[in-house]
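Scroll down for the structure; my scribbles are underneath it.
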There are 2 protein chains.
Amino acid sequence: MTAVSRPRRSDATRAAILRAARERFAADGYDRATIRAIAADARIDPSMVMRYYGSKEGLFAAAAEFDLRLPALAAVPAEQLGEVLVRHFLDRWEGDETLAALIRTASTNPGAAERMRGIFAEQIGAAVVRLGTDPATAARRAGLITSQILGLAFTRYIVRLPPMAEAAPEELVAWVAPTIQRYLTGPVPASA
Amino acid sequence: MTAVSRPRRSDATRAAILRAARERFAADGYDRATIRAIAADARIDPSMVMRYYGSKEGLFAAAAEFDLRLPALAAVPAEQLGEVLVRHFLDRWEGDETLAALIRTASTNPGAAERMRGIFAEQIGAAVVRLGTDPATAARRAGLITSQILGLAFTRYIVRLPPMAEAAPEELVAWVAPTIQRYLTGPVPASA
DNA sequence: ACTGTAGGCCAACAAGCGTTGACATCAACT
DNA sequence: AGTTGATGTCAACGCTTGTTGGCCTACAGT
């Protein structure tokens, strides 16, 4: 409720902790990423982590702040939406380990799973709705898109299945874009 | 190299341990599933787990023995392959928690990730090759199929994204089957 | 120059972990 | 009946974990 707090002297430390935490959570998952290891990476004492983030869960919450940074889809020609989306996600994740941290942690940590539900339901769901999709099927479409996008991330970055981990991004875009395109704009199939 | 060992008196105990282990690993992942908790579920002493399975890793190896049980695809009409595959996986996993255990553990445990690579590369890869697919693209096709199948499993059983977790199996089949069908038998896209 | 406060380190805690070895118990075979 | 080996229990070990509180240091405001 007051003015923006002026920079604290400890901001560098806080940032170092956060950077180390993201790396460790991404590489090891929540349980195996210990506060001691994160503190060692950041070259500070473990107790500083507690002081600044309260607890391990608090640290994770701060480290897993995550924005898909979806581009403005309204400006994209309708038939290129799949391509744009897949390329965006690959670009977005090649350099940022936060998604890997989130996937690894969401696998075993209910809180992180909840956060993941929120991120994808809201951001992808909202984008689908914004495109003018029939609201009755929008949620299902968003879920299907999420399933393929997360499956891509899981096989490429987490399990590192060779054909997926070694493929060139453009090749993956060419294969996967039609899937996303159909989930997004294709007709509802005549289900049983 | 001798005759099949006659039933041991401890077989019931071994089975109880294995059942409890699968449940716990599936529900909690490798790190949070403690030997003590598994032993408590099986109503035996933690030390029995060590006696029969050597270590926690040995127990997991035994619990995560996993066969996709792919049906004979040669008998399936070519244009129904996607449908048959998706329905098979959903059927296979609705009742068996082993896949969830494997996914949860593969997220953080390198050994389990290696096992997962083996299972999908060999079983799905082999099935794709067996269908007479061009060997040059078979691995990529298998990887793409795995990405969608695992993405389905991840969103439905692990993260439990509402639109995916609550959908009727037949509805998912109708949406996802064309994706698998295209990855399996569709033309190689003109990639950049 | 003095003081208050924020930043940082150190040592320790209680709890939980996988794992071990000694001891009891029971079934089977001579 | 007595021996033997498998089956199970109990208590403890060494280690790591998240977390805490006390203490020292250095800077900002007066």
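In this text, all values refer to a predicted model and were calculated from it rather than measured experimentally. Just so we're on the same page: letters track the sequence lines, and every chain starts at 1.
Taking atom CD1 on A/Ile35 and atom P on C/dA12, their separation rounds to 20 Å, with Å as the unit. Separating the CZ atom of A/Arg24 from the P atom of D/dT17 is a distance of 11 Å, rounded to the nearest angstrom. Put simply, CG on A/Asp31 is 9 Å from P on D/dG18, counting in whole angstrom units. Atom-to-atom, CG of B/Asp45 to C1' of C/dT25 comes out at 14 Å; the value is rounded to the nearest Å. We find that CD1 of A/Ile38 is positioned 14 Å from C1' of D/dT19, with the value rounded to whole Å. The CE atom of B/Met50 sits 18 Å away from the P atom of D/dC13 (whole-angstrom rounding). Spacing between atom OH of B/Tyr53 and atom C1' of C/dG18 amounts to 17 Å, rounded to whole angstrom units. A straight line from CZ of B/Phe60 to P of C/dG18 spans 14 Å, rounded to a whole angstrom.
Here the side chain of B/Met48 is nearest to one of C/dC9, D/dC10, D/dG8, namely D/dG8. Ranking C/dT19, D/dT9, D/dT19 by closeness to the B/Ile44 side chain, first place goes to D/dT9. The side chain of B/Arg51 sits closest to D/dT9 out of C/dT20, D/dT19, D/dT9. Considering only side-chain atoms of A/Lys56, the nucleotide from D/dT9, C/dT19, D/dG18 that sits closest is D/dG18.
For the pair A/Ser47 and A/Arg32, nearest-nucleotide mapping onto DNA chain D gives the more 5' position to A/Arg32.
Contact annotation: B/Thr34 reaches the phosphate of C/dC17 (side-chain N/O to OP1 or OP2, under 4.0 Å). Phosphate proximity of D/dT7 to B/Thr13: absent, as no side-chain N or O sits under 4.0 Å from OP1 or OP2.
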Between B/Arg156 and A/Ser147, is a side-chain hydrogen bond (donor to acceptor under 3.5 Å, both in side chains) present by the stated rule, with each step listed? CA-CA 8 Å; B/Arg156 183 172 171 90; A/Ser147 84; over 6 Å; no
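Distance alone, capped at 3.5 Å, places no donor-acceptor pair between the A/Tyr53 side chain and the A/Phe60 backbone.
Backbone-only contact: A/Tyr52 has heavy atoms under 4.0 Å from sugar-phosphate atoms and none from a base. If you check every strand for non-hydrogen atoms under 4.0 Å, B/Ser55 touches sugar and phosphate atoms only.
Between A/Phe25 and A/Tyr30, the angle of the ring planes stays under 30°, which puts this pair in the parallel group of the 30/60° scheme.
Relative to the ring axis of A/Phe66, A/Arg92 places its NZ or CZ within 45° and under 6.0 Å from the centre.
Side-chain atoms of B/Arg36 and base atoms of C/dG16 include no donor and acceptor less than 3.5 Å apart.
Taking the charged nitrogens against the carboxylate oxygens, B/Arg160 and B/Glu166 have no contact shorter than 4.0 Å, which rules out a salt bridge.
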